[in-house]
Amino acid sequence: MTSPGARWLRVASWVLLLLPTLTISIFPLLALFGEAFTAPMVPGAASDIAWGTLTLTLVMCLGAAVCATALGVFTGSLLGCADWPGRRSLRLLLVLPVLIPPYLHAIAWTNLLRAHGPAAQFFFTTAGLDPAMLAEAIHTVPGAIFIFTLAYFPLTMLMTEKTMQLVPPTLSDVARVYGASTWQTWRWAIWPHIRPAATTSALIVFLLTGSELGVPTILKVRVFNFEVFTQLSAFNNFHSAVFLCTPLLLAGVALVFGEYQIGGQPHWQTPDIDYLAPRRLTFRNSWPLAAPLFFFATFGVIVPLSSFGSAFDHNSAGKMAVLAIRPILNTYSYALVASLSCMTVSFLLVASLPRAAGVRRRLTDILLVAAFAVPGTIMAFALLRQFDHAPYTQFLTPPVLVVAALFARFQIVPFRALSQSLAQIPVELFETAVIEGAGPAQVFRHVMSPVLCGPALLVTVVLFLLTFNELGSTILLYPPGGETLPIALYSIEANSPRAYVACLSLITLVTLLAPFALISLAGALTRNTWRG
Amino acid sequence: MREVFGRGLVLAALLCAAGCGSGPSGGAAQGKRVVVYTSVDRVFSEPVLQWAEQELGVSVLGVYDTEETKSTGLANRLMAKKDNPDGDIFWSGDPGRTALLKTKGITAPYDSPAAAAIPSDFRDPEHHWVGFSARARVLLVNTDLVPAGSEPSSIWDLTKPAWKDKVSMANPLFGTTSFHVAALYEALGPEPARKWLAEAKANGIHIVASNGEVRRLVSSGQIAVGLTDTDDASEALKDGQPVRAVFLDQSTDGKEALGTLILPNTLSLIRGGPDPSRARQVFDFLLSPEVQEMLAASCAQAPLSPGVKPGPGVISLEAIVPMRVDYAATANRLDSIMSELKTWVDSP
């Protein structure tokens with residue numbers, strides 16, 4: 001259906017849009033790996049690969065991906081297809097944990113479960129549990145999986161719910177007419193449609209868990225990234241550190257291919273006038289389902305807030321507020337510029353590719369996942385080695401390098417999510433537009449953009465959160481005086497009074513939540529004005 | 001949906017503008033600023049840098065490290081930015097990293113007039129670094145678990161059956177613990193040091209992430225005793241925890257005592273830093289007796305300049321038997337024993 005001219009235009013756009021990624025991540029990484037592989041110490045480093053730690057890390061990532069996806073699909077399905085009281089409030093509660101950076105979840109839970117903390121005292125007095133038992137439990141791989149699940153399941157939930165809006169309601173109607181139960185309706189009419197979104201979000205959660213440094217650091221869980229950093233800091237063996245990233249890189253690429261196999265292709269929908277407003281299944285006795293979710297969601301929000309709130313004091317708050325002003329502005333600048341530019345390029349990149357998973361899409365996936373699979377610090381090293389000298393320093397200043405690192409690291413997230421959403425747009429819409437003589441620009445403007453707008457907004461928020469919380473790359477790249485909030489928080493975490501850490505954590509939370517609250521408020525006010 | 005997008009974009013643009021305007025590259029003081037990389041905990045080092053800023057009238061920016069991020073920290077950043085350094089001074093909490101940076105060609109020599117009073121043991125003969133306030137390695141003891149008088153008095157006591165599974169230390173691949181172990185190799189000789197490590201491992205010593213973690217474990221009573229630094233011990237005491245600090249190997253029967261390792265803070269100028277002349281001003285200020293008094297008060301660091309009062313609760317170096325080590329040689333030793341230490345850490 002596509003003319004040769006349009007095809008060439010797409011290929012040219014694809015190459016052009018990949019250029020920033022190639023320049024700021026792939027070429028520096030290739031140079032770095034080339035250097036490491038040709039350095040004389042590589043054979044020694046190969047024998048240093050800690051297979052046990054690598055396995056443990058992969059187990060942790062897999063555990064978090066499976067748990068977060070299972071919980072996310074369950075909650076997303078409930079929110080997307082069930083109709084029962086309190087659904088909107090529950091959605092809000094369930095989304096909130098993703099706005100809290102994972103390391104703050106970790107700090108809060110370790111604080112709550114510490115040996116002489118309130119939870120330990122409670123369980124000791126009521127059940128006679130050893131006060132150290134809970135503290136030990138959270139400092140384990142299952143503890144880390146719990147924290148990551150809590151922090152990331154809303155991503156899957158939102159993607160599931162969004163995808164369900166594209167499932168034709170007629171399917172579930174037909175299933176129910178034929179006497180299918182709620183479970184059977186979900187399993188056979190809905191699940192096939194949300195499966196690709198679920199596997200994509202599982203892939204994203206796996207990669208996010210693997211690249212997150214803060215939670216394992218705070219929980220003292222030894223992950224493979226620490227082996228990489230041991231080579232850097234204890235041995236100052238830069239080449240070995242890079243060499244050790246090879247398994248991570250290969251795991252990332254393998255995951256992408258695995259996801260193709262497990263997730264399959266999205267089910268392209270037939271046009272349906274109702275497809276944006278699915279009819280909902282009614283659960284007559286929904287509270288047994290909803291109650292544990294309320295409990296879980298409340299814990300996801302209440303624990304960090306209460307943990308930090310209990311250590312709050314006004315003197316510390318004043319000091320930390322002064323300390324936080326510049327980091328807040330810096331973090332917002334970096335995160336906004338990086339997430340918006342990353343989103344824009346990904347949006348156009350997705351539009352430049354065919355809907356089917358062809359060679360170009362797979363190649364793009366591999367290139368983008370490579371930049372995400374290596375630890376952020378290694379990515380930062382690659383950028384510094386490549387660009388931190390004349391003549392690049394004229395235009396690639398430290399703040400630009402920070403944004404470049406964030407862009408390079410997280411581009412896989414919007415690309416995968418938008419590809420998924422694009423593939424679910426009814427194919428007939430494209431065909432009709434082309435038959436009617438619409439060019440690629442018109443198809444993009446009138447077919448793709450309106451449908452992708454919702455998912456794009458959601459992904460922008462997620463991207464903003466990820467870039468906001470990044471530590472691994474920014475810690476090497478930030479300019480003096482340009483530290484971000486996570487860096488400020490980490491720099492006071494050791495040996496500062498607990499009240500300082502609690503206050504700065506609360507400030508970070510408020511800083512993250514404030515713009516979302518403002519946008520929601522503005523939206524509500526605007527709606528009320530129109531109604532009035 | 002478009003309205004939400006629009007509102008979001010307007011908000012984004014406003015925040016970007018605000019952020020870029022106040023960012024480091026937009027700061028008015030950029031031309032008159034000195035950047036100090038410091039691995040000393042921010043809670044202690046930042047007030048000193050702010051004081052220097054007030055006293056000298058130049059903007060002094062800190063780039064801080066933490067226990068948790070030391071693995072990706074300052075020394076690596078300095079090495080990565082060797083071709084385009086953005087720092088002027090490296091203020092280290094121990095001499096190990098400084099010596100490493102010297103060998104990598106990242107520090108520059110500077111014979112500061114303010115360093116003249118510092119004892120020569122704590123100065124690099126080639127003027128690449130100078131020590132100015134010091135911590136010491138101590139054994140932190142939980143007083144609820146260990147009655148007074150029954151605590152270990154030597155590192156060799158930690159390998160005895162009475163202390164099996166009751167001792168902790170930070171990972172010797174990192175931080176001051178790595179320097180401590182290297183100093184044992186220097187002071188005792190390689191074979192006795194290896195013997196101590198092997199016996200400690202056999203006696204169930206707990207290897208934890210950091211000295212701060214040692215402090216937390218001993219303070220909470222999860223471990224009876226642990227090797228850490230005086231500043232961690234001081235923090236635990238300030239918090240009212242049931243602990244006391246013991247200086248090990250202060251006396252032996254007739255023989256020369258091994259002594260306690262003293263860990264001086266060190267200052268170095270960074271080669272090719274943006275503003276060497278102002279950096280020297282800040283360098284001299286940081287070596288001043290007043291700064292040493294301030295560090296003594298805030299984090300119990302013992303002043304190295306003679307005549308500076310340590311203040312209440314701070315050890316005086318004259319009062320303890322120090323471990324006799326050559327700091328440069330110890331730093332070099334550190335490099336050569338790392339593989340051995342990693343094997344030791346990884347062994348069951």
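To find a chain, count down the sequence lines: A is the first, B the second, and so on, and within it residues start at 1. Every value quoted in this text rests on a predicted model; they were computed, and no experiment measured them.
Between A/I492 and B/E46, every side-chain heavy-atom pair lies at or beyond the 4.5 Å cut-off. In this structure the side chain of B/V63 reaches within 4.5 angstrom of the side chain of A/Y478, judged on heavy atoms. B/N84 has its side chain out of reach of A/H389: every pair of non-hydrogen atoms, C-beta onward, lies at least 4.5 Å apart.
Scanning both residues, B/R42 and A/S491, for their nearest heavy atoms gives NH1-OG, 2.8 Å.
One distance of note links CG of B/D86 with OG1 of A/T393; it measures 12.0 Å at 0.5 Å rounding. In this structure, CG in B/D65 is found 11.0 Å from CD1 in A/I487, a value given to the nearest 0.5 Å. Rounding to the nearest 0.5 angstrom, the gap separating the CG atom in B/L61 from the CD atom in A/E483 is 9.5 Å. Atom CZ of A/F381 is separated from atom NZ of B/K81 by 11.0 Å, given to the nearest 0.5 angstrom.
Heavy atoms of B/L334 lying under 4.5 Å from chain A are absent altogether. With a 4.5 angstrom heavy-atom cutoff, B/A75 does not touch chain A via any of its atoms. Heavy atoms closer than 4.5 Å to chain B are found nowhere in A/A335, neither backbone nor side chain.
Comparing A/L384, A/T331, A/D388, A/L323 by how many heavy-atom pairs each has under 4.5 Å with chain B, the most go to A/D388.
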